[in-house]
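Contents: one structure, followed by commentary.
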Amino acid sequence: MTSPERRKSGHEKSLVVASNRRAKRDFEILETVEAGIALVGSEVKSIRESQVEIAEAYAQIRGGEVWLLGMRVPVYARSVVAFRVGSDRPRKLLLHRREIQRLRKKMEQQPLTLIVLSLYFSGRHVKVQLALARRKKRYDK
């Protein structure tokens with residue numbers, strides 16, 4: 001039997017697929033959060049091939065759930081027609097209820113936005129790094 005440290009270290013390998021380079025220039029980042037994404041198998045294959053755009057992606061809290069909007073994942077070319085999904089459909093983000101409530105409170109108190117900083121693989125799972133951010137004024141850039 002292996003120790004938990006070895007198993008844990010085996011899954012810590014992360015591969016960044018896409019990053020939003022303009023985010024730090026256009027927004028003041030207050031805090032970051034890691035979330036999983038509910039995806040279809042053909043979407044994961046497209047992401048593995050780095051065919052994803054997150055420049056315009058952001059997250060919204062609706063009905064106690066967090067949804068990722070504006071992320072484009074093109075249709076995987078070799079997927080079966082029955083499993084093809086829209087490239088810019090809303091995707092559910094996987095966060096704990098307490099984290100969602102904490103983010104909602106902060107967003108209600110101030111004019112903040114949840115933006116996507118990066119998309120990466122953590123082991124075999126696709127993860128998103130979200131940032132609670134405030135848009136910078138033109139003269140702050």
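Partners of Glu28 under the salt bridge (charged side-chain N to carboxylate O under 4.0 Å, His left out) rule, at least two apart in sequence or in another chain, are Arg134. Checked against salt bridge (charged side-chain N to carboxylate O under 4.0 Å, His left out), Glu31 has the following partners two or more places apart in sequence or in another chain: Arg102, Lys106.
Minimum interatomic distance between Ala133 and Ile115 (heavy atoms only, all atoms of both residues): CB-CD1, 4.0 Å.
Going from atom NE2 of His125 over to atom CG of Leu39 covers 12.0 Å, rounded to the nearest 0.5 Å. From Ile61, atom CD1 reaches atom CD1 of Ile100 across 7.0 Å, with rounding to the nearest 0.5 Å. Distance CZ/Arg124 to CZ/Arg48: 10.0 Å, rounded to 0.5 Å. Going from atom NZ of Lys127 over to atom CG of Leu119 covers 12.0 Å, rounded to the nearest 0.5 Å. Atom CG in Asp26 sits 11.5 Å away from atom OG1 in Thr113 (nearest 0.5 Å).
Linking ILVMFWY side-chain heavy atoms closer than 4.5 Å, directly or via other members, places Leu114 and Val33 in a single hydrophobic cluster. When hydrophobic clusters are built by joining Ile, Leu, Val, Met, Phe, Trp and Tyr residues whose side-chain heavy atoms come closer than 4.5 Å, directly or via intermediates, Val44 is grouped together with Val73. Using a 4.5 Å cut-off between side-chain heavy atoms of Ile, Leu, Val, Met, Phe, Trp and Tyr, with links allowed through other members, Met71 and Phe27 fall into different hydrophobic clusters. Follow the hydrophobic side-chain contacts under 4.5 Å out from Val66 and you reach Leu30 in the same cluster. Linking ILVMFWY residues whenever their side-chain heavy atoms come closer than 4.5 Å, directly or via other members, leaves Tyr58 and Ile54 in distinct clusters.
In Glu49, the CD atom is crowded: over 12 heavy atoms of neighbouring residues, nucleotides or ligands sit closer than 6.0 Å.
Put simply, the side chain of Ser46 gets close to the backbone of Pro74: a donor and an acceptor are under 3.5 Å apart. Between the side chain of Asn20 and the backbone N or O of Val116, at least one donor-acceptor pair lies under 3.5 Å.
Between Glu43 and Arg89 a salt bridge is recorded (basic side-chain N to carboxylate O distance below 4.0 Å). In summary, Arg72 and Glu56 do not engage in a salt bridge, as defined by a charged side-chain N under 4.0 Å from a carboxylate O.
Taking the side chain as every heavy atom from C-beta outward, Phe121 and Val126 approach each other to under 4.5 Å. No side-chain heavy atom of Arg91 sits under 4.5 Å from any side-chain heavy atom of Trp67. Leu130 has its side chain out of reach of Leu103: every pair of non-hydrogen atoms, C-beta onward, lies at least 4.5 Å apart.
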Yes or no on side-chain contact (heavy atoms from CB on, under 4.5 Å) for Glu34 and Val128, after CA distance, side-chain angles and deciding distance? CA-CA 6 Å; Glu34 179 185 68; Val128 174; over 6 Å; no

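Screening Arg97, Lys92, Arg104 for a salt bridge (Lys or Arg N to Asp or Glu O under 4.0 Å) involving Glu65 leaves a single residue, Lys92.
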